[in-house]
Protein chains: 2
Amino acid sequence: MLYSEERKNKIHAYVEKHKRASVQHLCDAFNVSESTIRRDLSELEQDHLLRRTHGGAIAFESVNFEPTVTEKADRFQKEKQIIATRAASYIQEGDTILIDAGTTTLPLIYEIKHFSSLTVVTNSVVHSELLKDSPQIEVVVPGGRLRHETQALVGPITDQTLSLLHVDKAFIGTNGIDLSDGLTTPNLIEASTKRTMISQSSEVIVLADHSKFEKVTFAKFGDIDDIDRFITDEQVDQSFVSEFHQRGVKLDIVLLQED
Amino acid sequence: MLYSEERKNKIHAYVEKHKRASVQHLCDAFNVSESTIRRDLSELEQDHLLRRTHGGAIAFESVNFEPTVTEKADRFQKEKQIIATRAASYIQEGDTILIDAGTTTLPLIYEIKHFSSLTVVTNSVVHSELLKDSPQIEVVVPGGRLRHETQALVGPITDQTLSLLHVDKAFIGTNGIDLSDGLTTPNLIEASTKRTMISQSSEVIVLADHSKFEKVTFAKFGDIDDIDRFITDEQVDQSFVSEFHQRGVKLDIVLLQED
DNA sequence: CTGAATGTGATTGATTATGATTATAATAGA
DNA sequence: TCTATTATAATCATAATCAATCACATTCAG
């Protein structure tokens with residue numbers, strides 16, 4: 001006869017391994033009543049060791065990996081790739097660049113790995129982790145609090161550290177670009193960090209796929225004037241083209257080749 | 001007739017070996033009353049040597065996790081796992097803890113994911129990346145320059161930011177522990193960061209597998225006196241035991257079970 | 001020797017783990 | 001959609017186990 005703690009350990013291990021388990025199967029496996037299994041499962045759920053479902057339980061990661069991050073990364077992935085490739089063409093050997101967190105700038109990481117000398121400042125734990133095995137690239141992380149929603153480091157620590165640095169080029173992502181409301185992002189703290197990034201760079205390059213056009217989200221972090229170069233993937237409205245031209249923003253449109 | 005300390009040692013050894021023991025069985029085995037066994041078990045539990053259950057006790061079990069490629073290359077992986085499991089038993093819900101970069105502290109990340117409230121400060125891009133999908137854990141990264149050799153963030157930015165923070169417990173790894181030369185690491189800048197970490201924590205817990213004993217590397221970052229608790233995986237030399245005891249360092253030895 | 005400290009076993013009311021039961025909720029199939 | 005089926009939470013009873021307490025014995029220091 002197992003102790004309840006042992007049984008719970010085994011249930012946890014089982015669910016981790018098989019990613020799922022039914023109440024019925026666990027009853028048979030441990031030869032206890034459904035009540036007992038249900039109690040075990042709710043306690044394990046309380047400890048964040050698995051997630052209950054109707055009829056059983058599933059492993060925690062399978063729900064954690066599912067939602068925003070992966071899904072978001074998958075949208076317009078090809079577009080983001082070609083935008084990043086174009087962006088990389090503006091980077092020169094020996095540059096000090098800043099790469100914003102977010103899925104739009106992520107492909108840029110793969111494009112810069114071949115440089116033999118580069119200093120990269122990034123507030124993304126994902127971006128920096130990907131550069132950990134590229135010793136020729138000097139990586140500087142401005143610290144801060146990790147926002148799980150975007151996997152970016154943000155907050156006063158980030159801003160303060162960033163303000164001590166200066167970079168040649170900053171590659172910034174955005175959630176919305178609008179002629180009257182400028183550059184916006186849903187989070188106030190993140191906006192503050194992006195604003196700091198813009199102020200610390202000689203050249204500001206904004207990356208955005210076509211879905212971001214004429215979108216306005218909560219917090220503004222920059223004006224059209226702040227941008228030096230804007231890279232996107234689809235023919236944009238004439239109003240943007242002329243306004244960008246008038247305000248001295250260079251516009252790069254990279255078209256996706258359909259197969 | 002055994003003395004209580006002898007009996008407790010044997011109970012501990014028994015539980016480590018068989019992974020479990022019932023109060024009844026221990027009563028028969030040692031020919032003492034249930035009260036006595038229960039008292040022993042409570043004391044052993046207080047010393048983090050086993051976990052009590054209703055009806056008996058079980059050994060500490062580590063969560064099973066699939067090591068990543070990078071981790072597989074590492075030596076003494078099992079030892080580091082059990083050391084981390086022990087270390088995790090000192091973490092309480094709501095704590096603010098600091099986790100040093102390095103392969104020794106890495107398994108600790110898997111042990112803390114189920115906490116429902118925890119603030120974790122870490123200077124490792126790998127550690128923080130692994131916590132990116134655990135929203136209940138507040139992650140703070142003190143920034144800095146990425147050292148590719150250890151995948152740690154180090155340097156003046158790191159030290160300066162760390163000095164603004166204070167944590168309840170710091171879990172620190174080391175490359176060498178020696179009675180006369182204290183705690184050492186091969187890199188001067190990394191030593192400085194570790195030194196800062198120690199100074200910013202109420203309690204300093206050092207994790208080191210047996211290979212680190214009597215090793216001295218280039219840069220010293222702490223004295224024996226700086227340590228509050230030392231967790232390792234093998235019977236250590238008597239000189240260490242007595243010196244630690246004399247200097248008020250609590251010593252945890254976690255033995256690996258050979259199958 | 002005395003008196004405090006410690007270790008132990010017995011007792012008892014409290015707590016815990018479990019399975020059965022039942023009303024409610026969620027799901028699947030027509 | 002509605003209905004039949006299945007899963008669930010909530011409750012209860014019961015048996016095992018536990019914590020708390022006390023009494024007794026042993027050890028040790030003054």
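So that the names make sense, note that chain A is the first sequence line, chain B the second, and so on, each numbered from 1.
Computed from coordinates, the D40(A) CG to dA7(D) C1' distance equals 17 Å when rounded to whole Å. Here dT17(D) presents its P atom at 8 Å from CD of E34(B), a figure rounded to the nearest Å. Atoms CZ (F30(B)) and P (dG7(C)) sit 17 Å apart, rounded to a whole Å. Remark: P of dT27(C) and CZ of R52(A) are 12 Å apart, rounded to the nearest angstrom. Summarising the geometry, the separation between CD1 on I37(A) and P on dA7(D) is reported as 14 Å, rounded to the nearest angstrom. Q24(B) places its CD atom 13 Å from the P atom of dG9(C), with the value rounded to the nearest Å. Between L26(B) atom CG and dT17(D) atom C1' the separation is 14 Å, expressed in whole Å. dT21(C) atom C1' lies 13 Å from atom CZ of R38(A), rounded to whole Å.
Taking side-chain N and O atoms only, T36(B) has a distance below 4.0 Å to OP1 or OP2 of dG9(C). The side chain of R39(B) contributes no N or O atom lying less than 4.0 Å from OP1 or OP2 of dT21(D).
Looking at heavy-atom distances under 4.0 Å, S4(B) makes contact with sugar-phosphate atoms alone, never a base. The residue T53(A) sits close only to the backbone: its heavy atoms come under 4.0 Å of sugar-phosphate atoms, none of a base.
In this structure, a donor-acceptor pair under 3.5 Å is absent between the side chains of T185(A) and N187(A).
For the side chain to side chain contact (heavy atoms under 4.5 Å, CB included) test with F230(B), the passing option among D252(B), L251(B), I205(B), L207(B) is L251(B); the others fail.
In this structure, D168(B) contributes its side chain and D95(B) its backbone to no donor-acceptor pair below 3.5 Å.
In this structure, D40(A) does not pair ionically with K8(A), as no charged nitrogen and carboxylate oxygen lie closer than 4.0 Å.
Ring geometry, F60(B) versus H48(B): the interplanar angle falls under 30°, so the pair is classed parallel (tilted spans 30 to 60°).
The side chain of H54(B) lies closest to dA17(C), out of dA10(C), dA17(C), dT8(D).
In terms of position along DNA chain D, the nucleotide closest to G55(A) lies nearer the 5' end than the nucleotide closest to the other residue of the pair G55(A) and V23(B). Along DNA chain C, the nucleotide closest to E5(A) and the one closest to S35(A) are compared, and the more 5′ of them pairs with E5(A).
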